[in-house]
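All heavy atoms count here, side chains included; hydrogens, waters and symmetry mates do not.
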Amino acid sequence: MPRPILATVHTAALRNNLERVRRSALDARVWAVVKANAYGHGIERVYEGLRGADGFALLDLAEAERVRALGWRGPVLLLEGVFDARDLELCSRLDLWHTVHCDEQIDMLAAHKTLKPQRVFLKMNSGMNRLGFTPERFGSAWTRLNALTQVDEISLMTHFSDADGARGIAHQLQAFERATRDLPGERSIANSAATLRHADQTRGDWVRPGIVLYGSAPDFPLHDAAHWQLQPTMTLSTQLLSVQTLKAGDTIGYGSNFTAEGPLTIGVAAVGYADGYPRHCNTGTPVLVNGVRTRMVGRVSMDMITVDLTPVPDAKFGAEVTLWGRSAATGAVLPIDEVAQAAGTVGYELMCAVAQRVPFAAPTDE
């Protein structure tokens, strides 16, 4: 028998989360962001659940080829644009739209030999200071692009740094609107947090949801996934390998950093940091055993963790352990955001960090 750890992708949850985005987006079109192999879920595994989107947005040409191989004939957007002039030929062949965020990418387009003009998204650095032209240079970049026969339609985009927090979007939105006031073209400015929290101001022509499609709240812990009517799209589950009975004073695991204060029954579960479960999770990190909420105790090992079975006294060898997602035993949900918080990180990282050795079940509509 294979080791019992398993990752499951829930197609119905993907559809639910996409529909939740549409309720905020109204008549705006929706990019389903599937970068980083669909946030660790696998592009092929999420395709059926997200094919109701208006387009797919991703990072690299290999991912774009995979989306086209699945039969998608609609828009595909390269969020960071091309990395080399030779990439433009594949953009032409696969009919890819691509972001332009620097002078070098305009130079590549100007030198590109093509009979088919390309659709580009000109990106503004409105305050995140990552990619894009500053507001002061945005107009001249647009003018230069607009003069190229290699370019067809130019859309306008930016990215918010604080749509999920107290600072908000006003400073960036003002910069974007001022610099683009007299420019034609469709707008795409809303990420996950902006789509849910600032929809009236940021809807534009296209929204670009990423993390919300995968059931994680973009502004956790201010709001959780249930607040936004999101469902978990990935479940990481395993089983108990052993049950141990401790007495007062016994310690657990490497470093002996947990000491039983009295008699305690613990379970050993088949998951560890080599599977992508965060080593930084400490005693108290929530887990579900047979759908019942309990806690991890001690230190995460490479292949195992230990869990407190006090709330689940009947748990035995082979009992279901849910690390995040939905318990098959009871339907109870353990939000990935809570586990990430215990590890001092975000749900994005946990999704993307599931290790290669973890098998994925066939996507399910459950």
Trainee: Whether Asp275 and Arg357 form a salt bridge (side-chain N of Lys/Arg under 4.0 Å from carboxylate O of Asp/Glu) is what I want to check.
Mentor: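 Answer for the salt bridge query: yes.
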
Trainee: Does the side chain of Asn37 reach to within under 4.5 Å of the side chain of Ile43, using non-hydrogen atoms?
Mentor: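 SC-SC contact between Asn37 and Ile43 confirmed.
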
Trainee: Is any NZ, NE, NH1 or NH2 atom of the basic residue among Lys116 and Asp152 found under 4.0 Å from an Asp or Glu carboxylate oxygen of the other?
Mentor: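 No.
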
Trainee: Is there a side-chain contact between Val30 and Leu18 in this structure, where contact means two heavy atoms from C-beta onward sitting under 4.5 Å apart?
Mentor: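 Yes; the side chains approach each other to less than 4.5 Å.
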
Trainee: Taking the basic N atoms (NZ, or NE/NH1/NH2) and the acidic carboxylate oxygens, is any pair closer than 4.0 Å for Glu63 and Arg68?
Mentor: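 No, Glu63 and Arg68 are not salt-bridged.
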
Trainee: Might you point out which heavy atoms bring Phe176 and Leu156 nearest each other, and give the distance in Å?
Mentor: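 Smallest interatomic distance, heavy atoms only, reads CZ-CB, 4.0 Å.
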
Trainee: Do Thr99 and Leu78 come close enough that some side-chain heavy atom pair is under 4.5 Å?
Mentor: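 Not touching, per the 4.5 Å side-chain cut-off.
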
Trainee: Do the non-hydrogen side-chain atoms of Val287 and Thr294 ever get within less than 4.5 Å of each other?
Mentor: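 Contact flag for Val287/Thr294 side chains = yes.
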
Trainee: Please report the shortest heavy-atom distance between Thr195 and Ala190, naming the atom on each side.
Mentor: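 That closest heavy-atom pairing would be OG1-CB, 3.6 Å.
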
Trainee: Please state whether the rings of Tyr277 and Trp324 are parallel, tilted or perpendicular, taking 30° and 60° as the class boundaries.
Mentor: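 Ring orientation, 0 to 90° scale: parallel.
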
Trainee: Check Ser126 against Ala175 and note the closest heavy-atom contact, atom names and distance.
Mentor: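 So the two residues come closest at O-CB, 4.1 Å.
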
Trainee: When you check the gap from the basic side-chain N to the acidic O, do Glu44 and Arg66 get nearer than 4.0 Å?
Mentor: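 Answer for the salt bridge query: yes.
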
Trainee: Can a side-chain donor-acceptor contact be found between Arg197 and His223 if the only test is distance below 3.5 angstrom?
Mentor: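 Not at all, the side chains of His223 and Arg197 share no donor-acceptor pair under 3.5 Å.
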
Trainee: Find out whether Leu183 and Phe138 are in side-chain contact, i.e. whether some heavy atom of one side chain is under 4.5 Å from a heavy atom of the other.
Mentor: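 Yes - at least one pair of side-chain heavy atoms lies under 4.5 Å apart.
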
Trainee: Report the C-alpha separation of Asp95 and Arg119 in whole Å, then their side-chain angles, then the decisive distance to 0.1 Å, and conclude whether the salt bridge (Lys or Arg N to Asp or Glu O under 4.0 Å) test is met.
Mentor: CA-CA 9 Å; Asp95 191 22; Arg119 174 77 175 268; over 6 Å; no

Trainee: Between Leu350 and Thr345, what is the shortest heavy-atom contact and its length?
Mentor: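 Closest heavy-atom pair between Leu350 and Thr345: CD2-CG2, 4.0 Å.
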
Trainee: Are Leu90 and Leu59 connected, step by step, through hydrophobic side chains (Ile, Leu, Val, Met, Phe, Trp, Tyr) whose heavy atoms are closer than 4.5 Å?
Mentor: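 In one cluster with Leu90: Leu59, yes.
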
Trainee: Less than 4.0 angstrom from a charged side-chain N to a carboxylate O is my criterion; do Arg22 and Asp27 meet it?
Mentor: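 Salt bridge between Arg22 and Asp27, a charged N being under 4.0 Å from a carboxylate O: no.
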
Trainee: For His10, which residues count as a ring pair (Phe, Tyr, Trp, His ring centres under 6.0 Å) partner, sequence neighbours excluded?
Mentor: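 Result, ring pair (Phe, Tyr, Trp, His ring centres under 6.0 Å) vs His10: none returned.
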
Trainee: Determine the minimum heavy-atom distance between Val34 and Leu50, stating which atoms define it.
Mentor: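 So the minimum-distance heavy-atom pair works out to CG1-CD1, 4.1 Å.
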
Trainee: Is there a donor-acceptor contact under 3.5 Å linking the side chains of Trp228 and Asp219?
Mentor: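 Indeed, the side chains of Trp228 and Asp219 share at least one donor-acceptor pair under 3.5 Å.
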
Trainee: Flag the pair Asp103 and Arg137 as a salt bridge only when some basic side-chain nitrogen lies within less than 4.0 angstrom of an acidic carboxylate oxygen.
Mentor: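 Arg137 and Asp103: salt-bridged.
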
Trainee: Looking only at side-chain N and O atoms, does Asp337 offer a donor or acceptor that is under 3.5 Å from a partner on Ser216?
Mentor: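 Note: Ser216 and Asp337 side chains meet the donor-acceptor criterion.
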
Trainee: Do Glu320 and Ser327 have side-chain heavy atoms sitting under 4.5 Å apart?
Mentor: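 A side-chain contact under 4.5 Å exists here.
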
Trainee: Are Asn191 and Thr202 side-chain neighbours, meaning at least one heavy-atom pair lies under 4.5 Å?
Mentor: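 Result no, sub-4.5 Å side-chain heavy-atom pair not found.
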
Trainee: Do the side chains of Glu177 and Arg187 get close enough for a salt bridge, i.e. N-O under 4.0 angstrom?
Mentor: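 Arg187 and Glu177: not salt-bridged.
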
Trainee: Taking atom types as modelled and ignoring hydrogens, do the side chains of Ser92 and Gln118 form a donor-acceptor contact shorter than 3.5 angstrom?
Mentor: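 Yes - a donor-acceptor pair under 3.5 Å links their side chains.
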
Trainee: If Ile, Leu, Val, Met, Phe, Trp and Tyr residues are connected whenever their side-chain heavy atoms lie under 4.5 Å apart, and connections chain through other members, are Ile252 and Val312 in the same group?
Mentor: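 No; Val312 is not reachable from Ile252 via cluster members.
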
Trainee: Decide whether a cation-pi geometry holds between Arg45 and Phe360; the criteria are a distance under 6.0 Å from NZ or CZ to the six-membered ring centre and an angle within 45° of the ring axis.
Mentor: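 Flagged: Arg45 positioned over aromatic ring of Phe360.
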
Trainee: Measuring only between side-chain heavy atoms, which start at C-beta, is Val207 closer than 4.5 Å to Arg29?
Mentor: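 Side-chain contact under 4.5 Å: no.
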
Trainee: Does the side chain of Ser242 come under 3.5 Å of the side chain of Gln244 through a donor N or O and an acceptor N or O?
Mentor: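 Yes.
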
Trainee: Between Glu89 and Arg86, does any NZ, NE, NH1 or NH2 come within less than 4.0 Å of an OD or OE carboxylate oxygen?
Mentor: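 Here Arg86 does not pair with Glu89 in a salt bridge, since their nearest N and O are not under 4.0 Å apart.
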
Trainee: Do the two ring centres, one from Tyr348 and one from Tyr214, sit under 6.0 Å apart?
Mentor: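 Between Tyr348 and Tyr214, the centre distance exceeds or equals 6.0 Å.
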
Trainee: Hydrophobic clusters here meaning ILVMFWY residues chained together by side-chain heavy-atom distances under 4.5 Å, can you tell me if Val100 and Phe83 are in one?
Mentor: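 Result: no, two separate clusters.
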
Trainee: Are Leu334 and Val300 joined in one hydrophobic group, where the rule is that I, L, V, M, F, W and Y side chains link up if heavy atoms are under 4.5 Å apart?
Mentor: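 Yes: a chain of side-chain contacts under 4.5 Å links Leu334 to Val300.
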
Trainee: Hey, can you tell me if Trp97 and Trp31 have their rings parallel, tilted or perpendicular (30° and 60° cut-offs)?
Mentor: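 Ring orientation, 0 to 90° scale: perpendicular.
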
